[in-house]
Amino acid sequence: MVHIDEKLEPILAEVLRRNAGEEEFHQAVKEVLESLGRVVAKHPRYANHALIERLCEPERQIIFRVPWIDDSGQVRINRGFRVQFNSALGPYKGGLRFHPSVNVGIIKFLGFEQTFKNALTGLPIGGGKGGSDFNPRGRSEGEIMRFCQSFMTELHRHLGEYTDVPAGDIGVGAREIGFMFGQYKRLTNRYEAGVLTGKGLVYGGSRARTEATGYGATYFVQSMLATKKHSFDGKRVVVSGAGNVAIYAMKKITEFGGKVVACSDSNGCVVDEKGIDLAVVKEIKEVQRERIAEYARRKGSSARYIEGGSIWDVPCDVAMPSATQNELTGKDARTLVHNGIVALGEGANMPCTPEAVRVFQEAGVMFGPGKAANAGGVATSALEMQQNASRDSWTFEQTEARLANIMRDIHDRCAETAAEYGAPGDYVLGSNIAGFVRVAEAMEAFGVI
Ligand code: NDP
Ligand code: 2IT
């Protein structure tokens with residue numbers, strides 16, 4: 001079991017004390033600090049000038065009221081957040097999440113992770129995250145639009161293509177980005193395309209951004225598999241979730257010759273031994289916005305729906321958890337190891353609990369952590385910003401080729417860093433250290449700010 005270096009222990013203790021009750025944030029910080037002991041041992045200067053303490057403290061946290069009117073005329077109140085975590089490498093960059101579970105601790109964990117992830121892409125983007133405890137489920141299009149407009153009415157004053165550039169995350173896709181971009185444009189009287197990413201293609205979006213996170217995660221797993229002379233060809237794969245990341249992971253896995261046998265939503269999972277029919281999932285989730293249970297009703301006898309069941313009970317060679325944080329526990333990990341899993345790539349942010357990660361690593365399962373494996377989404381967002389800045393628009397092939405290269409580079413940098421620090425094959429250590437070093441070098445150059 002990994003321990004926190006004694007130099008770093010007081011830093012963790014202080015983070016726990018000052019951010020009481022923010023469990024997900026504690027979990028994310030602890031995992032990174034566990035990796036940094038080796039860096040501080042090799043380069044003690046990184047422990048100077050409270051650099052690591054500063055890295056654990058967001059530069060700015062914005063919390064605001066979001067009033068809106070529902071279809072029956074009733075006034076509703078939600079809470080909006082934007083945590084501008086670290087701008088050492090570029091403008092704050094990271095998604096917006098609309099989900100009833102959102103609170104400041106969840107946004108801080110995501111902003112912290114994003115800082116390292118964005119550094120790993122090698123592109124000039126800092127880390128941030130935002131969102132609201134608004135629940136989009138069952139809301140009409142008009143309600144979603146009014147909510148997005150009210151949310152942006154406050155948030156717009158904190159954004160800008162050189163300041164902070166949000167995108168989507170859970171519950172925020174192209175529709176919501178459209179409503180928010182429209183409101184930003186109206187409030188500022190500026191057509192500032194680079195202020196949001198994940199935009200529609202007709203108003204400054206990038207080709208391949210929709211697909212990027214799922215595709216990128218699949219490229220990352222492909223690179224991990226290749227190190228042990230494996231490939232997706234003929235593998236049984238389980239992908240949790242049925243949203244943006246899951247759908248495009250399933251598409252790329254299938255292209256690579258893998259067979260996806262199960263996916264899920266928050267109510268349950270579907271298993272289809274013939275291979276999940278992606279056209280049906282896309283119709284249900286992207287067009288009709290219905291529950292995944294509908295899949296089994298449409299497919300008849302080939303598929304079964306397990307209400308409330310754990311998708312991790314379905315035997316597979318490769319797993320890609322792509323729904324939400326802490327969705328895969330130590331118990332699930334033991335089941336997967338027992339069933340012969342060889343590799344796992346985190347499509348979601350921190351979907352595996354610390355115990356699950358330990359179980360996989362001890363069993364020798366190749367484990368790709370989210371901040372490396374799912375970085376293709378934000379990397380392609382940075383490519384969208386590049387296209388906006390040069391008023392250009394690239395082809396799908398050109399953009400996907402850049403994404404594939406970036407994912408290969410991230411994989412290789414994580415693997416090389418892990419080996420350099422005496423833990424070959426440990427992508428958790430490799431990603432934390434490689435991300436940290438890049439942010440730390442810039443912060444050092446700036447002095448104490
Ligand atoms: P979507 O909203 O498109 O889909 C989310 C999926 O996960 C849905 O199937 C949803 O089911 C399920 N889900 C969400 N919350 C829970 C929960 N509490 N328990 C069980 N299932 C849940 O989001 P994305 O696909 O964009 O995001 C998925 C994950 O990937 C998140 O962790 C996100 O942070 C991460 N990510 C996203 C990126 C992006 O570009 N979109 C980039 C990098 C990471 P239901 O409909 O029932 O809620
Ligand atoms: O978690 C993530 O990396 C995202 N939700 C994407 C962020 C972005 O700015 O594209």
Side-chain angles (χ1 to χ4, degrees), residues 1-5 8 12 24 26-39 41-42 109 112-113 116-117 120 217-218 220-230 232 235 237-240 310-313 315-322 325-375 407 410-436:
M1 198 181 142
V2 192
H3 288 288
I4 304 257
D5 183 273
L8 304 179
L12 179 65
E24 292 85 0
H26 298 174
Q27 183 183 333
V29 172
K30 185 158 185 266
E31 187 213 272
V32 169
L33 292 185
E34 278 175 353
S35 298
L36 296 190
R38 294 185 196 222
V39 186
K42 202 165 171 176
F109 119 65
F112 182 76
E113 290 283 293
F116 299 93
K117 182 196 303 189
L120 279 173
T218 309
F220 189 92
V221 173
Q222 184 196 39
S223 292
M224 286 201 305
L225 288 169
T227 64
K228 300 231 171 120
K229 308 230 175 330
H230 283 283
F232 270 108
K235 294 263 190 310
V237 186
V238 167
V239 179
S240 66
S310 171
I311 191 170
W312 311 119
D313 290 341
C316 62
D317 305 306
V318 176
M320 295 186 61
S322 304
Q325 65 275 357
N326 293 325
E327 57 165 309
L328 195 162
T329 64
K331 178 171 172 282
D332 297 327
R334 280 186 284 277
T335 305
L336 286 163
V337 168
H338 176 79
N339 288 335
I341 186 174
V342 296
L344 181 144
E346 292 188 324
N349 285 307
M350 209 169 76
C352 296
T353 64
E355 188 192 355
V357 178
R358 207 156 47 238
V359 170
F360 289 129
Q361 292 192 324
E362 282 171 7
V365 174
M366 289 175 257
F367 181 83
K371 60 171 80 67
N374 73 38
M407 294 315 297
I410 294 175
H411 171 273
D412 294 353
R413 195 158 340 113
C414 292
E416 285 156 15
T417 307
E420 182 189 336
Y421 283 85
D426 185 343
Y427 292 93
V428 174
L429 192 99
S431 63
N432 287 336
I433 296 182
F436 167 79

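What's counted below: heavy atoms across the whole structure, side chains too, no hydrogens, waters or symmetry copies. Here the structure is a predicted model, which means the values were calculated and not measured.
- For Asp412, there are no side chain to side chain donor-acceptor pair (under 3.5 Å) partners at least two apart in sequence or on another chain.
- A distance of 6.5 Å separates CG in Asn432 from CG in Leu36, rounded to the nearest 0.5 Å.
- A distance-only check finds no donor-acceptor pair linking the side chain of Asn374 to the backbone of Ala217 [under 3.5 Å].
- Ring geometry for Tyr427 versus His411: interplanar angle of 30 to 60°, hence tilted.
- Residues Arg334 and Glu355 are paired through a salt bridge, judged by an N-O separation under 4.0 Å between the basic side chain and the carboxylate.
- Counting heavy atoms from C-beta on, the side chains of Met320 and Thr218 come closer than 4.5 Å.
- What you find for Ala333 and Leu328 is that their closest heavy atoms are N-CD2, 3.8 Å.
- Side-chain atoms of Phe220 and Ile410, non-hydrogen and from C-beta on, do get closer than 4.5 Å to each other.
- Here Gln325 contributes atom CD and Thr353 contributes atom OG1; the two are 12.0 Å apart, rounded to the nearest 0.5 Å.
- For Gln27, the side chain to side chain donor-acceptor pair (under 3.5 Å) test picks out Asn326, with sequence neighbours left out.
- Closest non-hydrogen pair, Gly370 versus Lys117, comes out as O-CE, 4.4 Å.
- Between the side chains of Thr335 and Asp332, no donor N or O sits under 3.5 Å from an acceptor N or O.
- Within a 6.0 Å radius of NZ in Lys331, other residues, nucleotides and ligands contribute 12 heavy atoms or fewer.
- By the side chain to side chain donor-acceptor pair (under 3.5 Å) test, Glu346 pairs with no residue at all, sequence neighbours left out.
- Minimum interatomic distance between Ser431 and Pro369 (heavy atoms only, all atoms of both residues): OG-CG, 3.5 Å.
- Using a 4.5 Å cut-off on side-chain heavy atoms (C-beta onward), Trp312 and Thr329 make no contact.
- Taking the side chain as every heavy atom from C-beta outward, Val342 and Lys235 approach each other to under 4.5 Å.
- Heavy atoms only, all atoms of each residue included: Gly425 and Ala418 are closest at N-CB, 4.4 Å.
- Across Glu327 and Ala348, no two heavy atoms sit closer than the pair OE2-CB, 4.1 Å.
- Atom CG of Leu120 is separated from atom SG of Cys414 by 5.0 Å, given to the nearest 0.5 angstrom.
- The CZ atom of Arg38 sits 7.0 Å away from atom CG of Asp426, with the distance rounded to the nearest 0.5 Å.
- Two residues are said to be in side-chain contact when any heavy atoms from C-beta on lie closer than 4.5 Å; Ser35 and Leu429 meet this criterion.
- Taken from CG in Leu12 to CD1 in Ile4, the straight-line distance is 5.0 Å, to the nearest 0.5 Å.
- In terms of heavy atoms, Ala28 sits closest to Phe109 at CB-CD1, 4.0 Å.
- Residues Val428 and Phe360 form no side-chain contact, since every pair of their non-hydrogen atoms from C-beta on lies 4.5 Å or further apart.
- Here the side chains of Val238 and Leu336 are not in contact, with every heavy-atom distance at 4.5 Å or above.
- With a 4.5 Å cut-off on side-chain heavy atoms, Val32 and Lys371 count as touching.
- Taking CE of Met224 as the start and CG of Leu344 as the end, the distance is 7.0 Å to the nearest 0.5 Å.
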